[in-house]
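These notes are about the structure you will find just below.
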Amino acid sequence: MARVRTRVAPSPTGDPHVGTAYIALFNRAFARSQGGDFILRIEDTDQARSTPESEQAILKALRWLGLDWDEGPDVGGDAGPYRQSERSEIYRKYADELVDKGHAFHCFCTAERLDSMRREQRLNGQPPGYDGRCKGLSQEEVQSRLAQGEKSVVRMDVPREGACEVRDMLRDPIEIEWKQVDMQVLLKSDGLPSYHLANVVDDHLMGITHVIRGEEWISSTPKHILLYQYFGWEAPVFFHMPLLRNADKSKLSKRKNPTSIDYYYRLGILPEALVNYLGMMGWTMPDGEEKFTVQEMVDNFDISRVSLGGPVFDTEKLDWLNGRYLRESLSDEEFAQRLMDWSYNRDYIMQFLPLVRERVERLSDVAPLAAFFFAGMPDIEAADFEHKKLDADTILKILQLSLWKLETQRHWDKEHIMADVKAVGEHLGLKLKDVLFPMFVSVTGSPRSVSVLEAMAILGPDMVRARLRHAIEVLGGYSKKQLKALEKEFSEIGTFLD
């Protein structure tokens, strides 16, 4: 029997997500319980959004949770490289092989032509998908157009008759008709692969025996099974984990729940409590005990005990579990050390001490003024945002547009934060001090405090964004229809960096 090998493959395009840790935990638990290997692979083919900073944040967050790996970009291994951006030639080779075998074809359709095709499909009530226009091109025409430098992508050929049976270790077989499966782009015009080609090629070459991923990938599994068949490779065993859910059963999202691992660190959640809670999301210990370590999970892990019910990510339950760890697992000495390691340490305090000193006359003034640097969500209400120049609608718009700006900001420092806030102010025709007013209330809990821009830089992106979302909620927020209209306005905001 082949040695068990599992993997987690995060995309470094944002903050480290609790969903990534959830999937990493179950892959690691299964592999270690079987005496196998757990691999970390970086899926960074989205060159426009992938950043080295995001990659490092993901690695740091997973290590903080105690989810180490046997092979990966930072530890090496025999199956590397472990970043997809470093494997382009490999994907090109296999894409060419599929074209040569007649299992894929060059597609020259422009974005305009594809948009027109999709509009027509919607009008006719047809399912969206590529219509196969370039599939019938002769080899001579294809070679001629390529020789002239015409841009193309490589698409996989998909049968239009019959169905694919998806076997999943956690579910009964699922039948998906081939006509519902799109002729997926495998290789983009820039020479980089789509997720689907890279996923299959990498899993095969890295010897992945079991693919444990979220259930949102079930509909894509026929494409992957078909690629394994086209290449003549044995497919891995598939496990599709239930998705983490908001309280309303919708897919866990940052608009309804903080999703960044870094946020929970800044909130003062212990790593062992968070990873324990993620384990509870889809699995239970044989004795029903809710508090368990990562090693205890590995020692008792049985994949058949995974529950397919939509697990609700309940922050109150997480707080309860974290409280148990604080009370039951730490001595007073250990508690004090964790507190200092978290935020009550010289390095962190020295970041904001110069800001505080400018506004105090007694040492006893420091704690009230600096309290928001150690807090979670400020205790604020709608009345705190009343302003002599700005009405409630403008306040809400400032916060929402600023949040969206800051959600795309990967260079988190005072200069770039100010640039984003200035850009919103310029768009709305407001002075900087007026735009900053709701920021003060949202971030510090007060209309007057230390420099809010410097405070935002110190608090970090996860906590600042969470506080802005909290403030928007306190003010009543927007409906989906209103957000859609505001998104159009947001797209008109430029950059403002001196």
Side-chain angles (χ1 to χ4, degrees), residues 14-15 49 53 253-260 262-263 266 355 372-373 375-378 380-480 482-498:
D15 302 324
R49 297 172 61 227
E53 294 86 355
S253 66
K254 62 188 177 186
R255 289 187 178 176
K256 295 184 179 179
N257 240 331
T259 58
S260 169
D262 291 342
Y263 166 79
R266 296 307 297 258
L355 309 180
F372 76 88
F373 283 107
M377 294 301 106
I380 54 177
E381 53 188 42
D384 296 324
F385 290 90
E386 291 178 2
H387 188 274
K388 60 184 179 181
K389 291 184 181 178
L390 306 174
D391 59 30
D393 289 342
T394 303
I395 293 281
L396 192 56
K397 183 178 285 191
I398 290 171
L399 291 174
Q400 186 64 65
L401 294 177
S402 297
L403 172 62
W404 283 340
K405 264 291 187 184
L406 293 169
E407 281 180 338
T408 63
Q409 183 57 259
R410 300 310 304 169
H411 303 286
W412 195 263
D413 54 41
K414 179 184 176 182
E415 181 185 20
H416 286 87
I417 295 168
M418 181 181 286
D420 285 342
V421 175
K422 276 187 175 181
V424 171
E426 185 180 66
H427 171 76
L428 297 175
L430 298 173
K431 293 179 179 179
L432 180 61
K433 66 176 184 178
D434 292 329
V435 180
L436 287 178
F437 166 75
M439 299 290 178
F440 269 101
V441 179
S442 304
V443 174
T444 75
S446 170
R448 289 172 297 278
S449 183
V450 301
S451 166
V452 71
L453 293 171
E454 293 188 69
M456 290 164 74
I458 293 168
L459 283 166
D462 306 288
M463 183 55 74
V464 169
R465 292 166 186 161
R467 290 185 183 183
L468 291 178
R469 292 186 198 106
H470 175 64
I472 290 168
E473 186 178 337
V474 166
L475 290 170
Y478 287 104
S479 67
K480 286 184 178 180
Q482 289 171 324
L483 280 175
K484 196 74 176 175
L486 195 59
E487 283 174 0
K488 184 178 180 182
E489 186 173 337
F490 175 69
S491 67
E492 299 168 358
I493 300 178
T495 59
F496 198 112
L497 192 58
D498 292 334

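Checking side-chain atoms of Thr444 against main-chain N and O of Val441 turns up no donor-acceptor pair under 3.5 Å. Between the side chain of Ser402 and the backbone N or O of Leu399, no donor-acceptor pair lies under 3.5 Å. A donor-acceptor pair is defined here as one N or O able to donate and one able to accept, closer than 3.5 Å; no such pair exists between the side chain of Arg467 and the backbone of Ser442. In this structure, Trp412 contributes its side chain and Met456 its backbone to a donor-acceptor pair below 3.5 Å. When atom types are taken as modelled, the side chain of Asp420 and the backbone of Ile417 share no donor-acceptor pair closer than 3.5 angstrom.
We find the CZ-NE2 distance between Arg410 and His416 to be 12.5 Å, quoted to the nearest 0.5 Å. If you take CD1 on Ile380 and OG on Ser446, they are separated by 11.0 Å, rounding to the nearest 0.5 Å. For the atom pair Arg469 CZ and Gln400 CD, the distance stands at 9.5 Å (nearest 0.5 Å). With values rounded to the nearest 0.5 angstrom, Ile398 atom CD1 is found 9.5 Å from Leu396 atom CG. One finds the NZ atom of Lys422 at 14.5 Å from the CG atom of Leu430 (value rounded to the nearest 0.5 Å). Rounding to the nearest 0.5 Å gives a distance of 9.5 Å between NE2 of His470 and CG of Leu475.
Taking Val450 as the reference, Leu355, Val356, Arg359, Leu369, Phe372, Phe373, Ala455 meet the side chain to side chain contact (heavy atoms under 4.5 Å, CB included) condition, with sequence neighbours excluded. Evaluation of the side chain to side chain donor-acceptor pair (under 3.5 Å) rule for Glu473 yields no partner, not counting sequence neighbours. Legend: residues meeting side chain to side chain contact (heavy atoms under 4.5 Å, CB included) with Gln482, ordered by chain and number and at least two apart, are Tyr478, Ser479.
Met463 approaches Leu459 most closely through the heavy-atom pair CB-O, 3.9 Å.
Classification of the Phe437-His387 ring pair by plane angle, with boundaries at 30° and 60°, yields tilted.
In this structure, the side chains of Phe490 and Leu403 stay at 4.5 Å or more apart for every pair of heavy atoms. The closest side-chain heavy-atom distance from Met439 to Leu453 is not below 4.5 Å. Two residues are said to be in side-chain contact when any heavy atoms from C-beta on lie closer than 4.5 Å; Arg266 and Val464 fail this criterion. Taking 4.5 Å as the limit, every side-chain heavy atom of Leu428 sits out of range of all side-chain heavy atoms of Val435. In this structure the side chain of Asp384 never reaches within 4.5 angstrom of the side chain of Val474, judged on heavy atoms. For the pair Asp15 and Arg465, the minimum side-chain heavy-atom distance is below 4.5 Å.
Side-chain polar atoms of Ser260 and Asp462 form a donor-acceptor pair below 3.5 angstrom.
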